[in-house]
Amino acid sequence: MATLFEQYVAEERAEEQKRGIRSTVKMCRKFGQSYEMAKASVLEEYPDIAENIVDEIIDEVYELVK
């Protein structure tokens with residue numbers, strides 16, 4: 001059973017990863033990369049992250065730009 005502090009650290013680490021992924025996706029979008037190329041870039045940089053989370057973030061960023 002994780003302590004409250006360990007749970008907090010895990011949540012913060014997950015949020016930090018999501019911010020990093022958003023940043024990577026925004027740069028990919030800025031330079032005109034396709035959705036698939038952005039996904040490949042993110043998965044290369046963050047190999048341990050679940051693909052569904054990556055898809056959600058990419059969808060969010062690419063939708064905001066359209």
Side-chain angles (χ1 to χ4, degrees):
M1 184 172 174
T3 66
L4 188 57
F5 179 73
E6 291 169 334
Q7 183 180 355
Y8 171 77
V9 169
E11 289 172 6
E12 283 299 310
R13 189 171 293 135
E15 285 303 312
E16 184 177 325
Q17 276 188 324
K18 288 179 182 179
R19 284 191 296 273
I21 291 169
R22 273 190 198 89
S23 177
T24 299
V25 172
K26 286 178 182 178
M27 288 298 277
C28 291
R29 182 69 178 136
K30 180 179 179 179
F31 289 106
Q33 289 186 343
S34 68
Y35 183 100
E36 292 79 19
M37 289 180 73
K39 185 173 181 176
S41 295
V42 169
L43 290 175
E44 184 178 316
E45 190 172 342
Y46 298 92
D48 297 334
I49 198 86
E51 271 193 58
N52 64 330
I53 293 172
V54 173
D55 288 333
E56 287 175 17
I57 294 171
I58 294 174
D59 286 343
E60 175 187 310
V61 171
Y62 275 59
E63 250 333 282
L64 291 175
V65 176
K66 289 182 182 179

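What's counted below: heavy atoms across the whole structure, side chains too, no hydrogens, waters or symmetry copies.
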Inset, instruction - Working to the nearest 0.5 Å, report the span between OG1 of Thr24 and CD1 of Ile57. - result: 9.5 Å
Legend entry - Nearest-0.5 Å distance, CD1 of residue Ile53 to OH of residue Tyr46: 12.5 Å
Inset, instruction - Measure the shortest side-chain to side-chain distance between Asp55 and Tyr35 over non-hydrogen atoms and say whether it is less than 4.5 angstrom. - result: yes
Inset, instruction - Check the pair Arg29, Lys26 against side-chain contact (heavy atoms from CB on, under 4.5 Å), reporting the backbone distance first and the verdict last. - result: CA-CA 5 Å; Arg29 182 69 178 136; Lys26 286 178 182 178; 5.6 Å; no
Legend entry - Same apolar cluster (I L V M F W Y, side chains within < 4.5 Å links), Met27/Ile49: no
Inset, instruction - Take Gln7 and Leu4, measure what side-chain contact (heavy atoms from CB on, under 4.5 Å) needs, and give me the verdict at the end. - result: CA-CA 5 Å; Gln7 183 180 355; Leu4 188 57; 4.2 Å; yes
Inset, instruction - Look at the side chain of Ser41 and the backbone N and O of Met37, then say whether any donor-acceptor pair between them is shorter than 3.5 Å. - result: yes
Inset, instruction - Hey, could you give me each pair passing salt bridge (Lys or Arg N to Asp or Glu O under 4.0 Å) that has a residue in residues 42-52? Not counting sequence neighbours. - result: Lys39-Glu51
Inset, instruction - Report the C-alpha separation of Cys28 and Tyr62 in whole Å, then their side-chain angles, then the decisive distance to 0.1 Å, and conclude whether the side-chain contact (heavy atoms from CB on, under 4.5 Å) test is met. - result: CA-CA 10 Å; Cys28 291; Tyr62 275 59; 4.2 Å; yes
